Amino acid sequence: MLATATGQSALQELQPSCAICGAAATPECAHEGDRLKLALDQAMARWQGVLQIREWVLIHARNSVINTFAQLKAARAHAHVAYLQTLPCYTLFQTYGGQPPLPPQQLALLHSQISHANGVFRKGIDEDWRRSCLRYPEVLDYYFSLIEVSFPDEQDSMVRTPRFGAQAKEPKKVKSRRDSLDIGSEKGKKRDRRRDGGRTPPPEAPMASRYGRR
């Protein structure tokens with residue numbers, strides 16, 4: 001018998017073969033660890049908390065960036081209009097709908113000045129938008145820092161004696177420091193002119209029914 005041949009201590013040290021490939025358990029065999037990581041990634045994808053956190057952070061980060069850009073654009077537009085008002089005969093230009101009774105040479109100069117000012121304004125708002133978008137890492141980090149996730153006590157009966165396949169309690173929702181996740185905000189969706197469309201989750205990879213040691 002195995003117990004007689006190897007001894008009790010050897011039996012305690014005996015390790016099962018790889019649950020994936022069936023080979024003897026060795027540190028070089030990464031099948032179980034790789035499959036466990038895959039299972040974990042898929043479980044996280046199924047967990048609504050991850051989706052809630054992602055959606056909440058994404059909506060608030062985008063709104064923050066867009067609002068910041070809107071303020072910069074408004075200030076730049078105000079300065080642009082103020083500059084145009086300083087151009088000679090610009091009021092007359094507006095009064096006559098762009099065709100004031102001016103000498104051709106003077107009108108051509110005015111058109112050139114307006115065109116140049118409009119070009120500067122356009123480049124300015126492009127730069128404002130670029131700088132606003134470059135702040136996304138900082139803004140995303142900020143909103144992620146507002147998220148609080150609670151873990152159950154290690155002595156909780158649901159941790160010590162889990163009942164898989166039957167949810168004993170209503171799953172806890174992830175909440176921010178100031179309010180609960182309100183990812184259905186229509187206001188945020190309407191204001192986000194660059195929001196992505198619906199996402200299709202990736203197909204699940206085939207997985208073994210059991211997972212061994214890491």
Side-chain angles (χ1 to χ4, degrees), residues 41-42 44-149 173-204:
D41 291 342
Q42 292 181 342
M44 289 190 66
R46 291 190 299 271
W47 182 50
Q48 291 300 311
V50 170
L51 299 179
Q52 287 179 319
I53 291 173
R54 174 187 171 89
E55 193 76 2
W56 187 87
V57 169
L58 187 60
I59 287 175
H60 285 77
R62 281 177 165 171
N63 285 343
S64 176
V65 167
I66 290 173
N67 288 338
T68 299
F69 168 70
Q71 295 173 8
L72 294 174
K73 182 180 178 181
R76 193 175 291 277
H78 179 77
H80 175 65
V81 172
Y83 169 74
L84 292 177
Q85 297 291 343
T86 66
L87 297 178
C89 303
Y90 182 74
T91 302
L92 188 65
F93 179 86
Q94 286 185 303
T95 302
Y96 283 87
Q99 297 295 329
L102 295 173
Q105 186 175 0
Q106 187 176 2
L107 181 59
L109 176 61
L110 182 57
H111 273 292
S112 176
Q113 292 173 321
I114 294 174
S115 178
H116 175 73
N118 289 340
V120 171
F121 174 68
R122 177 67 196 188
K123 290 181 179 179
I125 62 173
D126 285 347
E127 180 63 17
D128 288 340
W129 177 245
R130 188 185 73 85
R131 290 181 179 274
S132 297
C133 288
L134 288 176
R135 293 187 62 245
Y136 264 122
E138 174 190 4
V139 176
L140 289 168
D141 286 344
Y142 170 77
Y143 283 108
F144 269 117
S145 72
L146 300 183
I147 300 296
E148 292 182 343
V149 179
K173 294 182 179 180
V174 180
K175 293 187 177 182
S176 67
R177 291 178 181 170
R178 291 180 295 178
D179 56 358
S180 61
L181 293 176
D182 184 12
I183 63 175
S185 173
E186 291 299 325
K187 180 179 180 181
K189 293 179 181 179
K190 291 179 180 179
R191 294 179 63 185
D192 186 2
R193 62 184 178 83
R194 295 184 177 223
R195 183 169 181 176
D196 295 334
R199 296 187 299 275
T200 302
E204 293 188 2

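A quick note: this is a predicted structure, and the numbers were derived from the prediction, not measured. What you see below is based on every heavy atom in this structure, not just the backbone, and it leaves out hydrogens, waters and symmetry mates.
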Original post:
Excluding sequence neighbours, so at least two apart, what forms side-chain hydrogen bond (donor to acceptor under 3.5 Å, both in side chains) with Gln106?
Top reply: none
**OP:** Without swapping roles, check the side chain of Thr68 against the backbone of Ser64 for a donor-acceptor pair under 3.5 Å.
**Re:** yes
Subject >> Nearest heavy-atom neighbours spanning Phe69 and Ile125 >> reply: CE1-O, 3.4 Å
**OP:** Kindly determine whether Arg122 and Asp126 satisfy salt bridge (charged side-chain N to carboxylate O under 4.0 Å, His left out), including the steps that lead there.
**Re:** CA-CA 6 Å; Arg122 177 67 196 188; Asp126 285 347; 3.5 Å; yes
**OP:** With sequence neighbours excluded, tell me which residues meet side-chain contact (heavy atoms from CB on, under 4.5 Å) with Ala61.
**Re:** Tyr136, Val139, Leu140, Tyr143
Original post:
With Gln48, which residues qualify under side-chain contact (heavy atoms from CB on, under 4.5 Å), at least two apart?
Top reply: Leu51
Subject >> Under the side-chain hydrogen bond (donor to acceptor under 3.5 Å, both in side chains) test, residues paired with Asp141 that sit two or more places apart >> reply: none
Original post:
What pairs with Glu138 under side-chain contact (heavy atoms from CB on, under 4.5 Å), at least two apart in sequence or on another chain?
Top reply: Arg135
**OP:** Only pairs at least two apart or in different chains count here, so list each side chain to side chain donor-acceptor pair (under 3.5 Å) that has a residue in residues 69-78.
**Re:** Arg76-Asp128
Original post:
Are the side chain of Ser145 and the backbone N or O of Tyr142 linked by a donor-acceptor pair below 3.5 Å?
Top reply: yes
Original post:
Quick one: CG on Asn67 to CG on Leu72, what's the gap to the nearest 0.5 Å?
Top reply: 11.0 Å
Original post:
Mind checking what makes side-chain contact (heavy atoms from CB on, under 4.5 Å) contact with Pro101, not counting sequence neighbours?
Top reply: Leu92, Tyr96
**OP:** Considering only NZ, NE, NH1 and NH2 on the basic side and carboxylate oxygens on the acidic side, decide whether Glu127 and Lys123 come within less than 4.0 Å.
**Re:** no
Listing, residues 79-88 side-chain donor-acceptor contacts under 3.5 Å, not counting sequence neighbours, or none:
residue	atom	partner	partner atom	Å
His80	NE2	Asn118	OD1	2.9
Thr86	OG1	Tyr83	O	2.5

Original post:
Is the shortest heavy-atom distance from the side chain of Phe93 to the side chain of Leu102 under 4.5 Å?
Top reply: no
**OP:** Kindly give the heavy-atom pair with the smallest separation between Ser132 and Val65, and that separation in Å.
**Re:** O-CG1, 3.6 Å
Subject >> Approximate separation, where rounding is to 0.5 Å, of His116 NE2 and Phe121 CZ >> reply: 14.0 Å
**OP:** Answer whether the closest heavy-atom distance between the side chains of Pro100 and Thr95 falls below 4.5 Å.
**Re:** no
Original post:
Is the backbone N or O of Trp56 less than 3.5 Å from a side-chain atom of His60, with the two atoms forming a donor-acceptor pair by type?
Top reply: yes
